Visitor: 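I have a structure here, written as structure tokens, and I will follow up with some questions on it.
Convention: sequence-line order gives letters A, B, ...; per-chain numbering from 1. Computed over heavy atoms, backbone and side chain alike; hydrogens, waters and symmetry mates excluded. Since the model is a prediction, treat every value here as computed from it, not as a measurement.
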Amino acid sequence: MSQYNFAAKEEMAHPCISSKNVYDLLAKIPLGKVSTYGDIAKALGHPGASRAIGRIIANNPNPIVVPCHRVVKSSGEIGGFMYGEDKKKEMLEKEGIEIENRAVKNFKEFRFVFE
DNA sequence: GCCATGGCTAGTA
DNA sequence: GCCATGGCTAGTA
């Protein structure tokens with residue numbers, strides 16, 4: 001039992017929105033694209049829960065695997081990140097996304113839409 | 001009562 | 001810039 005049990009934590013955590021669903025959606029965002037907190041909320045049938053989505057992503061159990069850096073604000077501003085906005089910016093740029101003073105440039109063309 | 005948001009107003013230039 | 005939204009956490013009883 002040395003390993004922290006994320007599954008148990010996730011089962012308890014969110015009465016309305018399943019964090020597993022959130023992470024499943026994150027996994028669909030292709031490299032070189034971004035989505036928004038609001039879009040994820042809508043895709044899960046909870047428009048208006050964008051801020052809650054932010055909170056769920058904020059305790060991302062596995063930052064190495066789950067690409068939470070690909071989620072930005074609906075305004076195109078890059079938004080928060082556990083290792084700081086500069087790190088998020090750096091990672092996005094490495095994936096080919098241009099950023100101009102803390103916002104995605106040509107946001108529309110980089111924005112990924114869920115089916 | 002916080003917040004990794006978002007959308008809508010006021011009010012400046 | 002204000003405030004509604006929704007899930008969470010600290011800290012009181």
Visitor: According to salt bridge (Lys or Arg N to Asp or Glu O under 4.0 Å), does anything in residues 71-87 of chain A pair up with another residue at least two apart or in another chain? List the pairs.
Guide: A:E85-A:R102, A:D86-A:R102, A:K87-A:E90

Visitor: Between protein and nucleotides 5-13 of chain B, map the contacts as a letter string: B base, S sugar-phosphate only, - none, heavy atoms under 4.0 Å, written 5' to 3'.
Guide: BSS------

Visitor: For A:V71, which of A:I40, A:V34, A:L25 qualifies under side chain to side chain contact (heavy atoms under 4.5 Å, CB included)?
Guide: A:I40

Visitor: What pairs with A:E95 under salt bridge (charged side-chain N to carboxylate O under 4.0 Å, His left out), at least two apart in sequence or on another chain?
Guide: A:R70

Visitor: Can you list everything that forms a side-chain contact (heavy atoms from CB on, under 4.5 Å) with A:E98? Sequence neighbours excluded, please.
Guide: A:K105

Visitor: Could you list the donor-acceptor pairs under 3.5 angstrom formed between side-chain atoms of residues 108-115 of chain A and any protein atom two or more places apart in sequence or on another chain?
Guide:
unit_1	atom_1	unit_2	atom_2	d
A:R111	NE	A:D39	OD2	3.0
A:R111	NH2	A:D39	OD1	3.2
A:R111	NH2	A:D39	OD2	3.1

Visitor: Restricting to salt bridge (charged side-chain N to carboxylate O under 4.0 Å, His left out), what partner residues turn up for A:K28, sequence neighbours left out?
Guide: none

Visitor: According to side-chain hydrogen bond (donor to acceptor under 3.5 Å, both in side chains), who are the partners of A:D24, at least two apart in sequence or on a separate chain?
Guide: A:K20

Visitor: Which pairs count as side chain to side chain donor-acceptor pair (under 3.5 Å) when at least one residue sits in residues 40-55 of chain A, sequence neighbours excluded?
Guide: none

Visitor: A:K89: what forms a salt bridge (charged side-chain N to carboxylate O under 4.0 Å, His left out) with it, not counting sequence neighbours?
Guide: A:E93

Visitor: Round to the nearest Å and state the distance from A:I53 atom CD1 to B:dC3 atom P.
Guide: 19 Å

Visitor: Go through the structure and list residues passing side-chain hydrogen bond (donor to acceptor under 3.5 Å, both in side chains) with A:N106, not counting sequence neighbours.
Guide: none

Visitor: So if I take residues 102-115 of chain A and measure heavy-atom distances to DNA chain B, which residues fall below 4.0 Å?
Guide: none

Visitor: Does A:A58 reach a base, just sugar-phosphate, or nothing at all? Heavy atoms under 4.0 Å.
Guide: base

Visitor: Calculate the interatomic distance between A:F81 atom CZ and B:dA4 atom P; express it in whole Å.
Guide: 13 Å

Visitor: So what is the 5' to 3' dot-bracket string for DNA chain B, if pairs are Watson-Crick or G-U wobble with both distances under 3.5 Å, crossing pairs use [ ] and | means the partner sits on another strand?
Guide: |||.||||.....

